[in-house]
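Structure record follows, encoded as structure tokens.
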Protein chains: 2
Amino acid sequence: MDTWNEAGVREAPGAGPLAGLRILELGHFVAAPFATRLLADLGADVVKIEPPGGDPVRQWGEQANGHSPWWSMHARNKRCVALDLKHPRAREVVLRLAAGADALVENFRPGQLDRLGLGEAALREARPGLVIGRISGFGQDGPYRDRASFGVIGEAMGGLRYLTNHPPEETDLPPSRVGISIGDSIAGLYAAFGVMAALWQRDRAGGAPGPFTLDVALTEAMLSMMEGTLPEYGVFGTVRQPQGSRIKTAAPTNAYPTRDGQWLLIAANSDPLFRRLARVIGRPELADDPDFAANPGRLRHVERLDAIIADWSRERDAAEADRILGEADIPSTLCYSAADIAADTQYRERGMVRELDDPLIGRVLHAGVVPHVPEAPGGIRWTGPAVGAHTDEVLAEAGFDGAEIRALREEGAVR
Amino acid sequence: MDTWNEAGVREAPGAGPLAGLRILELGHFVAAPFATRLLADLGADVVKIEPPGGDPVRQWGEQANGHSPWWSMHARNKRCVALDLKHPRAREVVLRLAAGADALVENFRPGQLDRLGLGEAALREARPGLVIGRISGFGQDGPYRDRASFGVIGEAMGGLRYLTNHPPEETDLPPSRVGISIGDSIAGLYAAFGVMAALWQRDRAGGAPGPFTLDVALTEAMLSMMEGTLPEYGVFGTVRQPQGSRIKTAAPTNAYPTRDGQWLLIAANSDPLFRRLARVIGRPELADDPDFAANPGRLRHVERLDAIIADWSRERDAAEADRILGEADIPSTLCYSAADIAADTQYRERGMVRELDDPLIGRVLHAGVVPHVPEAPGGIRWTGPAVGAHTDEVLAEAGFDGAEIRALREEGAVR
């Protein structure tokens, strides 16, 4: 195991490809903080401004000693400054911090930063060429601009929720959430990408200096992922429908029950794969049966085919069935739970499940740094800090002297 | 409507923040081509190398005149070169194209490019400092490196599939797909982000020149989005479970049936929101009922509460119920289908649903460019090209003269 796999809050400061990049985060909840986590993981210096009461995510999920394991990962590698944005002196503090930043990432409601005197013009007066990444529900303009939003609205209006279900002939239940706020995280990922695109252009030799603003909407980030859904509607008028765990155009590929109550995904949806599968499940004759030999037949008789495969899977535990299929080189997988992820060999060997000692909560597991950059791996330099942990340090770097910082704290502007 | 909303294959060449960036794609299916679509949308010059028979996605989904609407969007803004990588002269062609590129993005199985003589050393001999973005199922090393993979395996092993379901007491059905190859697209998004991070460092004044390789695994990209799932398991041993369309920690937030057979998402999971909702559904007394006044009570009695809300929603069409809730400032939304997306005002006004004339298939709808960059908007310069549409143009730029190109074509190396 590499050194970064060993327990310990700080690891050797992996430079990462974003070493030298300075980011100011005015974010809360998931989307903007997720974008800056990705930047910080690759080595950027991220200063997060949050209210003296803390980002609400600090209270989300199960708590240990009053601290959230999610926060431990969500805010890792960031420096946390607690600042009351409504305080009369807050504007000055933000502008002085922005003066030293390459980019700012925020997810306030459109217009809110302008009302605090922190519009794009003011920020760029403090820091010419500042790249500004903005994440909102519906974007910075248009008729829905001022509507309340949150991740589920992005997922639903982007088209994901409609499709996340079994066909109506199989269930009366509504579409399912995917269990995470994926709409927020995808928007954050687009923002991180866009910020780096803008910074590349601004900072390269001969590049256009900008300014560049990234206007990311949750709805639009989701829609951008929807593949042929919109183009096919445009050409054919076809409205894509939910397909459960099958794929409409190929069989067999589905989730099959196992003896130990799990779901095993098997994808044997080509003729050679199906021939191998037929042999593995002890029904080699199926590969020559006119009903099943080719994909069109397998699709026509998919209910019968899936029942035959399920008869085989139901007599085995998931791990055993998965192993048998793997040996026959048939793509299959368990549906990994958190426990399966934590135990997985590949994740461990690649540093993608890391054991850390968080000083606020003790031993914790984090997902690793994505993408992996072998020549300059990012890393987990520290876990999510306490509220205001870096207020003094960051303000001092921005040129506030000790007396000024004390005064700001006494006035309640910072914590 | 802005000019880019009007029908017409080419639009005014929006520069985009990635104008001047040159990308070589050795991709197929979804992940790498999605990464380069994002780069091309923001203005990069993407040269895609595909086999003379074409990328398989050209055949995916419904076809119009033998062409795929999905392809129209998937390959837009790219220049397509058809090259048989197994041909003895292919290596020379790729290396000469790489010599003019800033970055290469690929999603072959690990080791496959090395076997073609196109390993990292060879590529960087042709182009020192070439950024190489690699996408694979499990990463470029580790015990699973050589396993077959595809999107669903990334989703399942990353932990998403396990959670995309209703609780077992509500359904016997397996977890659902989300209806798109989201594992591939998320990996592509991480690759696009990583490539820009590496390019920023390489190209900025005083930056480290690299080389930088981005090693993106589908499984790891998915895992990186899973929020508190892994940290909470690490601290408490808690295995996060599927929750259907509810959220475990807040109520009411769910999908409710409507008279016209749709599902309306309502999130009234704070005390003030719930008070407004109670009034809207004609049951104002609920907000003062000890069973429902506060969140813990609402969670304890969530079945009864959801049934009451469903009694209201079932008597109205979805659009009407959504309008009533919107007027009361209660977050709600329909689950948008492709038809809803195409008709949405905000998407149209923001250029996120665009009508284009694809010369191969006629009128088509595309999703717009994300992120929106108001100062330098990317754009749709052309739709997904035919196989080999830019072979001659790109080879000529790389210094092949007409006779050489003819010879390559006669030998079957290019098309």
Side-chain angles (χ1 to χ4, degrees), chain A residues 17 61 64 69-70 73 142 144 148 153 156-157 161-164 174 178-180 185 189 192-194 196-201 203-204 214-216 220 223-225 227-235 239 245 255 263 331 333 335-339 346 349-350 352 364-365 367 370-372, chain B residues 17 61 64 69-70 73 142 144 148 153 156-157 161-164 174 178-180 185 189 192-194 196-201 203-204 214-216 220 223-225 227-235 239 245 255 263 331 333 335-339 346 349-350 352 364-365 367 370-372:
Chain A
W70 181 359
M73 187 165 97
Y144 302 177
I153 294 206
M157 294 184 62
R161 189 63 72 97
Y162 185 83
L163 296 178
T164 309
V178 299
I180 53 169
S185 302
L189 195 37
F193 161 61
M196 290 320 305
L199 284 167
W200 174 80
Q201 182 67 267
D203 293 352
R204 74 192 177 111
L214 296 310
D215 171 3
V216 179
E220 296 167 2
L223 173 59
S224 179
M225 316 276 288
E227 304 175 352
T229 306
L230 185 62
E232 285 164 13
Y233 175 76
V235 174
V239 176
S245 56
W263 293 102
T333 185
C335 294
Y336 267 29
S337 70
Q346 178 82 357
E349 290 227 359
R350 297 253 306 162
M352 287 296 157
V364 65
L365 297 181
V370 179
H372 174 54
Chain B
W70 181 359
M73 188 164 98
Y144 303 177
I153 293 206
M157 294 184 59
R161 190 63 72 95
Y162 184 84
L163 296 178
T164 309
V178 300
I180 54 170
S185 301
L189 196 37
F193 160 62
M196 291 319 306
L199 284 167
W200 174 79
Q201 182 67 269
D203 292 352
R204 73 190 179 113
L214 296 310
D215 172 2
V216 179
E220 296 167 3
L223 173 59
S224 179
M225 315 277 288
E227 304 175 351
T229 307
L230 184 62
E232 286 164 13
Y233 174 75
V235 174
V239 176
S245 57
W263 293 102
T333 186
C335 293
Y336 267 29
S337 70
Q346 179 80 358
E349 291 227 358
R350 298 255 303 164
M352 287 296 156
V364 66
L365 297 181
V370 179
H372 174 54

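Chain letters run A, B, ... following the sequence lines, proteins first and then strands; every chain starts at 1. None of the values given here were measured: they were computed from a predicted structure.
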**Asked** Between B/Glu220, B/Glu232, B/Arg204, which has the largest tally of heavy atom pairs under 4.5 Å with chain A?
**Response** B/Glu220
**Prompt:** Top residue by heavy-atom pair count (under 4.5 Å) with chain B, among A/Pro231, A/Cys335, A/Gly179?
**Reply:** A/Pro231
**Student check: side-chain heavy atoms of A/Met196 and B/Leu199 closer than 4.5 Å** = no
**Prompt:** Highest number of heavy-atom pairs under 4.5 Å with chain B: which of A/Pro69, A/Gly234, A/Gly142, A/Ser245?
**Reply:** A/Pro69
**Request:** Find out whether A/Leu223 and B/Tyr336 are in side-chain contact, i.e. whether some heavy atom of one side chain is under 4.5 Å from a heavy atom of the other.
**Result:** no
**Complete:** Sorted by chain and residue number, the side-chain contact (heavy atoms from CB on, under 4.5 Å) partners of B/Pro371 (sequence neighbours excluded) come out as A/Tyr190, A/Phe193, A/Leu214, A/Val216, B/Leu42
**Message:** Any heavy-atom pair between the side chains of B/Thr333 and A/Arg161 that's under 4.5 Å?
**Reply:** no
**Message:** Is A/Met73 close to chain B through its backbone or its side chain, or both, or neither, when contacts mean heavy atoms under 4.5 Å?
**Reply:** side chain
**Most contacts with chain B, counted as non-hydrogen pairs under 4.5 angstrom, among A/Pro331, A/Ala197, A/Ala64** = A/Ala197
**Prompt:** Just by modelled atom types, is the A/Pro17 backbone N or O under 3.5 Å from a matching donor or acceptor in the B/Gln201 side chain?
**Reply:** yes
**Asked** So how far is it from A/Thr164 OG1 to B/Ile180 CD1, rounded to the nearest 0.5 Å?
**Response** 8.0 Å
**Asked** Among A/Asp203, A/Leu163, A/Asp215, which has the most heavy-atom pairs under 4.5 Å with chain B?
**Response** A/Asp215
**Message:** Out of A/Ala198, A/Ala367, A/Ala148, return the one with the most heavy atom pairs under 4.5 angstrom to chain B.
**Reply:** A/Ala367
**Message:** Heavy-atom pairs under 4.5 Å with chain A: which of B/Gly194, B/Ala255, B/Ala192, B/Gly61 has the most?
**Reply:** B/Ala192
